[in-house]
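Shown next, in structure tokens, is the structure this report addresses.
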Amino acid sequence: MRSKQHSLRGIGALGLTVLLSHSSLVLSFSLRQLSGTATRIPGVHLKASVVASPPSSPILQDDFDDVAKPRGAKNDWEVHKFGGASLATAELYRTVGDLLIRESEGREHGTIPTMAIVSARGGMTDLLVKVVDSALLNFEQAIVALQEAVESQVSLLKELAPPEITDPIEARFRSDGQDILSVVQSLRMLHTVPAVTMEVVTGFGEIWSAQTLHAYLQTQNVPCEWIDARDILVVKSDSSGLGEKGAASTGGVTPLYEITTERLSHWWNNEGRNAGFLDLSYEKGQVPIVIVTGFVAQTIEGVPTTLKRSGSDYSATIFAKLVNAGRVTMWKNTDGVYTADPRRVPEAFPIASLKYDEAMELAYFGAQVLHPSAMEPCIDKKIPVYVRNIFNPDFEGTIIQGRCATLKDSFDSKIMNWRSKSGFVPIKGITSVDKIALVSLEGASIGGANVAERFMGAMADNDIKVLIITQASSESSITVAVPENEGQRALQVLENVFELELSRSKINSLSVATGMSIVAIVGEGMAMTSGVSATFMTSLSSANVNIRLIAQGSSERQIAVVVAAEDTTSALRAAHMAFTLSETTATITLLGCTGNIGSALVRQLQEQKTRLAQEFGVSMCINIAANSKKMVVGENSQCLDVDNLSSLIKSDEALAFDLDKITNLMMADVHPLRIVIDCTNSEAVSEYYERWLSSGINIISPSRKVAAGNLERYKCVRAAEKANSVSWLYESSVGSALPICTTLQDLYETGDKVKSITGCVSGTMAYVLSSFSEDVPFSEALRAAVEKRITENDVWEDLSGMDMAQKVVILARSMGMNVNLEDVEVEFLIPEEFLKKEYPVDWNEMTAAQLEDIKCMDALMLERLKAATAEGRRLRYKFLIDKETGKCKCSLVNTETTDPLYRLKLYENLVAFETSRYETSPLIVKGAAAGPDLASAGIFADLLRLTRSFSSNQG
Ligand SMILES: Nc1ncnc2c1ncn2[C@@H]1O[C@H](COP(=O)(O)OP(=O)(O)O)[C@@H](O)[C@H]1O
Ligand SMILES: N[C@@H](CC(=O)OP(=O)(O)O)C(=O)O
């Protein structure tokens, strides 16, 4: 095992002494370098590995091996990167070590030289950041954090290998801890934290992590070594600070490949040779495993630096390029790159494949899973990058390879509307960057003064990272998105630059707005399709998200918007769903879920769900279900298990029914297609219709409470529907599943003039009147109808004619008539006093009493039947709506043989439309229309209508 004891130890507070020992590398530290370092971190007892150009090698030129072609190996190198989450515990270090051994054993083509780039153990970098950050504010806290950092790594190490391996490593960790302590102490004298201090201290996480994994691999007796990347990787950095995970940036760090290649080659021919890597017998299964510290590097001046937060991904691809690897695998704690951050969008799922450019855009706009620069090194050598889950290694994850078509290519190709090609989704992923400020210059009237150039020049000169720019063509208005913590500085800088113009009022205003986030959709498919940005914007507006700025990259691979920070998650989820990246087509609140119609609907949804998903790509998600007493709610907007709905509502999980709570939950749901299905007959529920529609929630109502209720309320609800571009559908409230309302709407919308509508829209009336006879009394026919569950719960609603009258109101209103229920002339088939009578609350008892009472009508009804039969006619309960006279009527009539109702059978409904176009022969809609199954089929049809019209809206 090799010892790396290269430290810079301070002997005086402001002095800098170098104590460096390295088996093969010669220290050459120029005075300029030393003073350079000293000016950056004066007084710092810096431990750094400083590598100058390789010494004259003792190795003969013939003997010099190319690291990219390991002597004797049949396969290329493969590089694996393990992030902090994959190295959080001793168990995980073992898992990683075993995985490396397995991978190095190869697949069908023999052993594979293997390189592992390791991050700090999970949470370590944050802890080291805390050590530095708290040094000035709370020194005690810094010490505690430092102790925790060292001790946690030591105890993890000791779990992995015996003392003969771990003792020297532990000693190094502790000595490193002492060095960090010196650095931190010196900060107290400086009263400031030089940028390089953070880079030096945080890098120790990776240095310790690599040695920890190396300790474990040594116990497995495999040829292995570890590399401190600060000895090899030389970079040029044009940005200060570590950055933040998931911040929008390109990092600003460029590897210097020539010198880095030289150093790696030198390492291979010296350290590697000493480790026996040049003499391995690959056929016999011997293969090198080289562990490299991620994240850390060195500047050309020899100062330790980093590749910025999440930079180990970048280290991995840089080393992959250096050794010309066959592939890079980034091992993460997720099943690959997701369509959106899974912590914010629970519906997100792993993307199977991405182009390099798409991955770069996603990373630039904040997808924390990848470092923004990480793709660069793989592009020219076409090295595929796999993103896989260490906790689910059998899953394929995401593969990143290939370039996107250029803008010119897309100009040459045929543009199509993305919704016209079924199954095609132009968007691969949706990301966000938090903590953004918008800086705006408005109302410039400075002819020829080149406002944009001065604006952007000021940003560049002051090192302010501009993430998005939008500019009005006149240059009179420019807005840029910058990191929030740069917002005020950007404003000051601009105030200085445009001081003169501001004082002469040649610029209206310069302003900064903080508390913003960028939300971006990414995918190469958008360059070749139309309708993408319309879908994006519509989804945001349906989620009530206000857009502050829009920008589309010239590559047409991304569209970014800036929104208020508190709207970010809604925006992400809404866009995710609008592009059907989520499977759920609609989220549904089902009211009255245990009633006759509600439970029939649940049954149908259960039966149809696979077919709907497979044939139509529609997935309905019942998210809230309630009856009049209880309600159940899917956690985090997740779907309830439809197969278990009835037991869920009886379980302890069920909450007390609360319409306000339901409304708030629906309003918080950002799904662009939210639907309430009102299968209740509740007046209380109908009071919420207007509010729901005004909040962008669609309604499907078999309930007639609103459609046939108070005219003023009906009008308000309709107005809310129109104003909010949502739908209120109630096809199932008239004639169950028969297309009566839609037919009427079609006639109306196509300009036909509906003169009158007649027919029978009561299944109970149709059944009873066509089945009672001299042998079967009227009351017995009604009993049969009750048993067949085709009546309303309260059979008086049917027999009073009020059920039919409500449907008449609905149809008349659809013809543009201003009618209320009182305007319908209704003939009762029961004595009026029955309606005022008090019946038991229990349904069975109430119905039994009603069936007893109705017997008094048997004789009278038989008489009417006989009279009709004597004339060769049939008894039917018929409605009439006459547009011209405004008359609406429901009555018992003796129908002639020519009347379409004459042949109406048991369960049937019939509606005849007499219109200008259908003058000679009315348009007739007829069919079975009774019972919960048909009613729920009507709701189902409305549901599908809504999902269809929603998707066409979006294109
Ligand atoms: N689009 C995305 N796909 C996958 N993960 C994402 C995405 N956006 C954000 N993340 C977050 O990034 C995390 C993985 O990135 P990171 O923590 O940097 O990994 P590691 O440290 O293991 O390299 C995931 O746990 C997830 O929470
Ligand atoms: N440890 C560094 C570098 C890195 O890339 O880590 P991770 O792979 O865990 O994101 C960081 O936390 O930023």
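Residue indices begin at 1 and follow the sequence shown.
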Under 3.5 Å donor-acceptor, Thr293 side chain and Ala229 backbone: yes
Neighbour count >12 (heavy atoms, 6.0 Å) for atom CD, Glu151: yes
Pair Asp313 + Lys332: basic N to acidic O under 4.0 Å: yes
Heavy-atom closest contact (Leu157 atom, Gln211 atom, distance): CD1-O, 4.5 Å
Distance in Å, Leu136 CG paired with Leu187 CG, rounded so as to fall on 0.5 Å steps: 6.0 Å
Flag for Thr89-Arg94: side-chain donor and acceptor within less than 3.5 Å: no
Nearest heavy atoms of Ala316 and Val79, plus distance in Å: O-CG1, 3.7 Å
Mutual orientation of the aromatic rings belonging to His80 and Phe82 [parallel < 30°, tilted 30-60°, perpendicular > 60°]: parallel
Derivation and outcome, side chain to side chain contact (heavy atoms under 4.5 Å, CB included), residues Val290 and Val323: CA-CA 12 Å; Val290 178; Val323 297; over 6 Å; no
Separation of Glu78 CD from Leu100 CG (nearest 0.5 Å): 11.0 Å
Heavy-atom pair of closest approach, residues Gln401 and Pro384: OE1-CB, 3.7 Å
Pair Arg263 + Asp231, salt bridge at N-O below 4.0 Å: no
Side chains of Arg309 and Gln368, donor plus acceptor under 3.5 Å: no
Closest contact, heavy atoms only, Leu572 versus Ser432: CD1-OG, 3.7 Å
Gln141 backbone acceptor or donor facing Asn138 side chain under 3.5 Å: yes
Face-on cation placement of Arg388 at Phe395 ring, 6.0 Å and 45° thresholds: no
Close side-chain approach of Met115 to Pro288, heavy-atom, < 4.5 Å: no
Parallel, tilted or perpendicular: ring planes of Tyr314 versus His371, cut at 30 and 60 degrees: parallel
Parallel, tilted or perpendicular: rings of Phe277 and Trp268 (30°, 60°): tilted
Check ion pair Lys130-Glu148 (N to O, under 4.0 angstrom): no
Val303 and Gln298: CA distance, side-chain angles, deciding distance, side chain to side chain contact (heavy atoms under 4.5 Å, CB included) verdict: CA-CA 5 Å; Val303 180; Gln298 191 187 73; 6.0 Å; no
Within-4.5 Å side-chain heavy-atom neighbours: Gln185 and Val183: no
Thr260/Leu322 under side chain to side chain contact (heavy atoms under 4.5 Å, CB included): CA gap, chis, key distance, verdict: CA-CA 8 Å; Thr260 302; Leu322 291 173; 3.6 Å; yes
Non-hydrogen side-chain atoms of Val118 and Leu87 separated by less than 4.5 Å: yes
Check: Thr219 and Ile165 side chains under 4.5 Å, non-hydrogen atoms: yes
Ser353: side-chain contact (heavy atoms from CB on, under 4.5 Å) partners, not counting sequence neighbours: Ile399
Side-chain heavy-atom pair Phe204, Val131 within 4.5 angstrom cut-off: no
Interatomic spacing from CD in Glu271 to CH2 in Trp226 - rounded to 0.5 Å: 10.5 Å
Gap between atom CD1 of Ile521 and atom CG of Leu362 - 0.5 Å precision: 11.0 Å
Member of Ser86, Ser209, Ser312, Ser310 meeting the side-chain hydrogen bond (donor to acceptor under 3.5 Å, both in side chains) criterion with Ser119: Ser312
Polar contact flag, side-chain donor to acceptor under 3.5 angstrom, Gln286-Thr111: no
Donor-acceptor under 3.5 Å (Ser315 side chain, Phe295 main chain): yes
Stepwise side chain to side chain donor-acceptor pair (under 3.5 Å) check, Arg230 with Thr305: CA-CA 8 Å; Arg230 296 177 305 181; Thr305 187; over 6 Å; no
Thr317 side, atom OG1; Leu370 side, atom CG - distance, nearest 0.5 Å: 9.5 Å
Atom NZ of Lys381: over 12 foreign heavy atoms under 6.0 Å: yes
NZ or CZ of Arg188 within 45° of Phe139 ring axis and under 6.0 Å: yes
Distance-only donor-acceptor check, side chains Ser517 and Asp434, under 3.5 Å: yes
Side-chain donor or acceptor of Ser175 paired with backbone N/O of Ala171 under 3.5 Å: no
Heavy-atom closest pair, residues Ala297 and Leu307: CB-CD2, 4.1 Å
Side chain proximity check, Phe319 to Val328, heavy atoms < 4.5 angstrom: no
Asp341/Arg343 ion pair, N-O < 4.0 Å: yes
Donor-acceptor contact present, side-chain Thr398 to main-chain Ile351, <3.5 Å: yes
Glu199 and Lys308 ion-paired at < 4.0 Å: yes
Expected output: side-chain Thr431 to main-chain Phe365 donor-acceptor under 3.5 Å: yes
Intermediate values then yes/no, side chain to side chain contact (heavy atoms under 4.5 Å, CB included), Trp208 and Leu156: CA-CA 11 Å; Trp208 296 338; Leu156 202 147; over 6 Å; no
For the student: nearest non-hydrogen atoms of Ala340 and His576, plus distance: CB-CD2, 3.9 Å
Any His214 side-chain heavy atom under 4.5 Å of Cys224 side chain: yes
Side-chain ion pair, Glu358 and Arg557, N-O less than 4.0 Å: no
Qualifying residues under side chain to side chain donor-acceptor pair (under 3.5 Å), relative to Thr114, sequence neighbours excluded: none
Full working for salt bridge (Lys or Arg N to Asp or Glu O under 4.0 Å) between Lys158 and Glu170: CA-CA 8 Å; Lys158 285 179 160 175; Glu170 179 185 345; 3.4 Å; yes
Spacing of Ile390 atom CD1 and Asn333 atom CG [to the nearest 0.5 Å]: 10.5 Å
Check: Tyr386 main-chain N/O paired with Thr329 side-chain donor or acceptor under 3.5 Å: no
Any donor-acceptor pair under 3.5 Å from Thr202 side chain to Leu128 backbone: no
Val234 and Thr299, any side-chain heavy atoms less than 4.5 Å apart: no
